Amino acid sequence: MIAMVLAVFAAVSNALSSVLQRRAVQSAPATHGLPVGLMWYLIRRPAWLAGIGALIAGFLFQAAALSGAGLALVQPILVTELPFTMIFVAWLFRIRLAAKAWLAITALTVGLAVLLVAAGPVESRRLPDRTGWTIATIVTVGVVAGLVAVARVLRGERRATVLGVASGLGFAFTAALMKQATEVLAEDPRALLTSWPVYAMVAAGLCSLLLLQLALQAGTLVTIQPALNVTDPVASIAYGVGLFGEQIRLGAWVVPEVMGIGLILYGSVGLAQSAPIRRHEHVTPLDG
């Protein structure tokens, strides 16, 4: 239960970070469009610094949640970042949420609840060995590389969707490495900075972030967010089961699980198309 609360806090922090950073960028004069000038301007903006603080808090909340629960439980909860983002944007820009937006929030929330209740994830204390990590890394890199190769021959929204799936898979793998790092921290804090999972986590996170930026260049948030919101939790459940020995219900439970994923997808599409998210997408001159 504590891990679930921490995961929600992580989602809230990430949403707040995104909104605050975009709000700060929105106020940047056109003369600060170059990266160096823009960064010099932003580091003097309290809103941007607060956004960075919220981002760090989100990372710490996520790590704390993963230290007390499995990937199959924690990562799906992080999809609530999207409705929190919309609520924050609506509040900051004084936009009233329409009935369709609340319907989408309800659909995503119910879908998440259905998925978690049906899957009934049970954490395992098993840690992946080198063989497990080698196989997972090869498969992940291979799939991501294949998706990037496919994206190169596509254009527009289809390219954005494929890159969104690739970034979602990358973020799920990053979370798996974070889970491993929290186990190292629990066993021997002094060994954390000399252990490979920390540096692999940073590398995977940066690559995933780069893929997300490429996706945003190719298409809109309306296209990318649903792909991201479905790929990340599904892949995280797979990593939790395959790498860490977590257990989920199968058999007849697959039907409500698929229904839950469908509701998450429906809610994500609805929220991504809502007025507050569209406003959030166009508040910065760096977009597009």
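Note that the structure is a prediction, hence the values are computed from the model and not measured.
- If you chain together hydrophobic residues whose side chains sit under 4.5 Å apart, V139 and V144 fall into the same group.
- When all heavy atoms of Y266 and L103 are compared, the pair lying nearest together is OH-CD2, 3.7 Å.
- Counting only heavy atoms from C-beta outward, the side chains of L147 and L163 never approach each other to under 4.5 Å.
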Test side chain to side chain contact (heavy atoms under 4.5 Å, CB included) applied to F171 and L78, step by step | CA-CA 11 Å; F171 284 125; L78 294 182; over 6 Å; no
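- Note on V184 and W133: separate hydrophobic clusters, where clusters join Ile, Leu, Val, Met, Phe, Trp and Tyr whose side-chain heavy atoms are under 4.5 Å apart, directly or indirectly.
- Distance check: M86 CE to W102 CH2 gives 6.5 Å after rounding to the nearest 0.5 Å.
- Note that CD1 of I237 is 10.0 Å distant from CG of L71, once rounded to the nearest 0.5 Å.
- Between L192 and A181, the closest heavy-atom pair is CD1-O, 3.6 Å.
- Side-chain atoms of T231 do not come within 3.5 Å of backbone N or O of G168 as any donor-acceptor pair.
- Annotation for I105 and P83: closest pair CG1-CB, 4.0 Å, computed over non-hydrogen atoms.
- The CG atom of L73 lies 12.5 Å from the CD1 atom of I248; values are rounded to the nearest 0.5 Å.
- By the 4.5 Å heavy-atom criterion applied to side chains, V254 and E257 are counted as neighbours.
- Between A57 and S13, the shortest heavy-atom distance links the atoms CB-OG, 4.1 Å.
- No chain of hydrophobic side-chain contacts below 4.5 Å, direct or via other Ile, Leu, Val, Met, Phe, Trp or Tyr residues, connects L177 to L185.
- Between S268 and L82 the shortest side-chain heavy-atom distance falls below 4.5 Å.
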Output, in order, the C-alpha distance, side-chain angles, deciding distance and verdict of side chain to side chain contact (heavy atoms under 4.5 Å, CB included) for L108 and L263.
-> CA-CA 6 Å; L108 190 149; L263 285 171; over 6 Å; no
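- Under the 4.5 Å side-chain criterion, counting only non-hydrogen atoms from C-beta, L228 is not in contact with D232.
- A donor-acceptor pair is defined here as one N or O able to donate and one able to accept, closer than 3.5 Å; no such pair exists between the side chain of R158 and the backbone of A151.
- By the 4.5 Å heavy-atom criterion applied to side chains, L16 and F84 are not counted as neighbours.
- Scanning both residues, S208 and T174, for their nearest heavy atoms gives OG-OG1, 3.7 Å.
- For the pair F59 and M178, the minimum side-chain heavy-atom distance is below 4.5 Å.
- Inspection of the Q62 and Q75 side chains reveals an N or O donor paired with an N or O acceptor under 3.5 Å.
- For Y239 and F173, the distance between ring centers is under 6.0 angstrom.
- When the side chains of ILVMFWY residues are joined at heavy-atom separations under 4.5 Å, either directly or via intervening members, M259 and V110 end up in two distinct hydrophobic clusters.
- The two residues L243 and A136 come nearest to each other via the heavy atoms CD2-CB, 3.8 Å.
- Distance check, rounded to the nearest 0.5 Å: CG of L6 to OG of S67 gives 7.5 Å.
- A salt bridge links R125 with E183: the closest approach of a Lys/Arg side-chain nitrogen to an acidic carboxylate oxygen falls below 4.0 angstrom.
- A distance of 12.0 Å separates CG in N229 from CD1 in I224, rounded to the nearest 0.5 Å.
- Interatomic distance, L211 CG to S167 OG, rounded to the nearest 0.5 Å: 6.0 Å.
- Two residues are said to be in side-chain contact when any heavy atoms from C-beta on lie closer than 4.5 Å; R126 and E246 fail this criterion.
- Note on L55 and F61: separate hydrophobic clusters, where clusters join Ile, Leu, Val, Met, Phe, Trp and Tyr whose side-chain heavy atoms are under 4.5 Å apart, directly or indirectly.
- Counting heavy atoms from C-beta on, the side chains of P128 and Q180 come closer than 4.5 Å.
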Is there a side chain to side chain contact (heavy atoms under 4.5 Å, CB included) between V8 and M4 once you walk through the steps?
-> CA-CA 6 Å; V8 172; M4 296 176 66; 5.7 Å; no
